[in-house]
Amino acid sequence: GRGIEGRVGGRRVRMGNAAFLREKGLPQGEIESILAAPGLAAAGSVALVEADGVLLGVLGFADPAREETAAALAQLAERNVAVTVLSGDRSEAVKAFATAHGVIDARSGLTPEDKIRAVRALKAAGDVLAVVGDGINDAPALRAADVGVAMGSGTEAAKAAAAVTLARPDRKSTRLN
C-alpha cells in the first residue's frame, strides 16, 4: 500500500505516499514543500501524483471521527480501560484525534506489520486486547488481538479477520457492560 506506477498516454505516472515517491527519485524538497500546504493539515493520508518526474498534485484523504466517538471513549475511560490508537494515518491527524479525545497513547504512520508488533507487545505486557478496525491494513491486528472488532461498513478483509462485526456503528446499539 505505498504506491503504484504505470503508463498513461505514453507517460510514466506514479501515485503514492511520500516515501514511495522519494524512493523513485522525486526530490525531497519538492515533496516537503507540497506536504506543508495548509489544506493538508487534517488529512489522515496523502497521495502524491507525478508523471515523468514532475509533481502534478496531491490528494488528501480524511476520515473524521464519528460524533459518537467521544462518548464511547469516555465510557471506556470511566471503566479504566486504556485506549491505544494504532494508525497508518499521518502524525498530524492522529495527534489531533488523540488530543480531541483524551487518548494518551496514539501511534501514527504504522504499517500492518507495525500494528501486529504493537499488539504483540501490549499482549506480552499482560494486557488483554480488543482491537477495532475497518480496513485491509487493520486485518492482521484484528486477527492478532484477543478480540478483534470490525465495523460493519468496513472491508471484507477486516470483517473476516475479526471475531466480532458491529452491524450498526452507532453507540445506541452497542452497550458496554
Side-chain angles (χ1 to χ4, degrees), residues 1-67 69 83-101 103-122 131-145 148-162 165-166 169:
R2 294 170 22 102
I4 187 168
E5 66 181 289
R7 299 205 71 75
V8 178
R11 298 177 77 187
R12 187 201 65 241
V13 178
R14 295 180 176 128
M15 183 168 81
N17 64 23
F20 175 75
L21 290 181
R22 228 180 342 266
E23 287 172 8
K24 299 297 182 177
L26 199 63
Q28 175 71 20
E30 206 172 330
I31 292 170
E32 295 308 319
S33 162
I34 199 160
L35 290 179
L40 291 177
S45 298
V46 173
L48 300 158
V49 181
E50 66 95 357
D52 296 328
V54 176
L55 187 58
L56 301 177
V58 61
L59 303 169
F61 303 93
D63 190 13
R66 297 182 58 86
E67 63 183 68
T69 301
V83 173
T84 298
V85 173
L86 304 175
S87 178
D89 287 348
R90 297 174 55 214
S91 63
E92 298 88 348
V94 174
K95 284 178 191 172
F97 174 87
T99 300
H101 295 91
V103 176
I104 295 168
D105 187 4
R107 308 172 199 183
S108 59
L110 302 181
T111 65
E113 295 78 18
D114 294 332
K115 291 178 184 181
I116 291 172
R117 280 191 287 277
V119 166
R120 288 181 179 153
L122 290 165
V131 172
V132 180
D134 64 357
I136 292 172
N137 290 341
D138 297 322
L142 290 167
R143 184 166 284 121
V149 181
M151 304 306 292
S153 60
T155 64
E156 291 303 315
K159 290 187 275 189
T165 298
L166 298 178

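Heavy-atom basis, side chains included; hydrogens, waters and symmetry copies ignored.
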To the nearest 0.5 Å, how far apart are [atom1] in [X] and [atom2] in [Y]?
X: N137; Y: L110; atom1: CG; atom2: CG; result: 10.5 Å
X: R22; Y: Q28; atom1: CZ; atom2: CD; result: 4.5 Å
X: L35; Y: N17; atom1: CG; atom2: CG; result: 9.5 Å

Less than 4.5 Å apart, side chain to side chain, heavy atoms only: is that true for [X] and [Y]?
X: M151; Y: V132; answer: yes
X: R120; Y: R117; answer: no
X: L26; Y: R14; answer: no
X: M15; Y: L59; answer: yes
X: T155; Y: D138; answer: no

Give a yes or no on this: more than 12 heavy atoms of other residues, nucleotides or ligands lie within 6.0 Å of atom CG of L56. yes

Just wondering, more than 12 heavy atoms not from I34 lying within 6.0 Å of its CD1? yes

If I compare all heavy atoms of [X] with all of [Y], which pair ends up nearest, and what's the gap?
X: A139; Y: A157; result: CB-O, 3.7 Å
X: G135; Y: A158; result: O-CB, 3.6 Å
X: A93; Y: A43; result: CB-O, 3.8 Å
X: E5; Y: F20; result: OE2-CZ, 4.3 Å
X: L86; Y: A118; result: CD2-CB, 3.8 Å

Does the [X] side chain pair with the main chain of [Y], one donor and one acceptor, at a distance under 3.5 Å?
X: T99; Y: A96; value: no
X: K159; Y: G152; value: yes
X: D52; Y: R12; value: yes
X: R90; Y: L40; value: yes

Holding to salt bridge (charged side-chain N to carboxylate O under 4.0 Å, His left out), I want the full list of residues that pass it with K95, two or more places apart in sequence or in another chain. none

Holding to salt bridge (charged side-chain N to carboxylate O under 4.0 Å, His left out), I want the full list of residues that pass it with D134, two or more places apart in sequence or in another chain. none

For E50 and K24: C-alpha separation, side-chain torsions, deciding distance, then whether salt bridge (Lys or Arg N to Asp or Glu O under 4.0 Å) applies. CA-CA 10 Å; E50 66 95 357; K24 299 297 182 177; over 6 Å; no

Are F97 and D89 close enough, and set up right, to give a side chain to side chain contact (heavy atoms under 4.5 Å, CB included), and what steps lead you there? CA-CA 11 Å; F97 174 87; D89 287 348; over 6 Å; no

Side chain to side chain contact (heavy atoms under 4.5 Å, CB included) evaluation trace for I116 with V119: CA-CA 5 Å; I116 291 172; V119 166; 5.7 Å; no

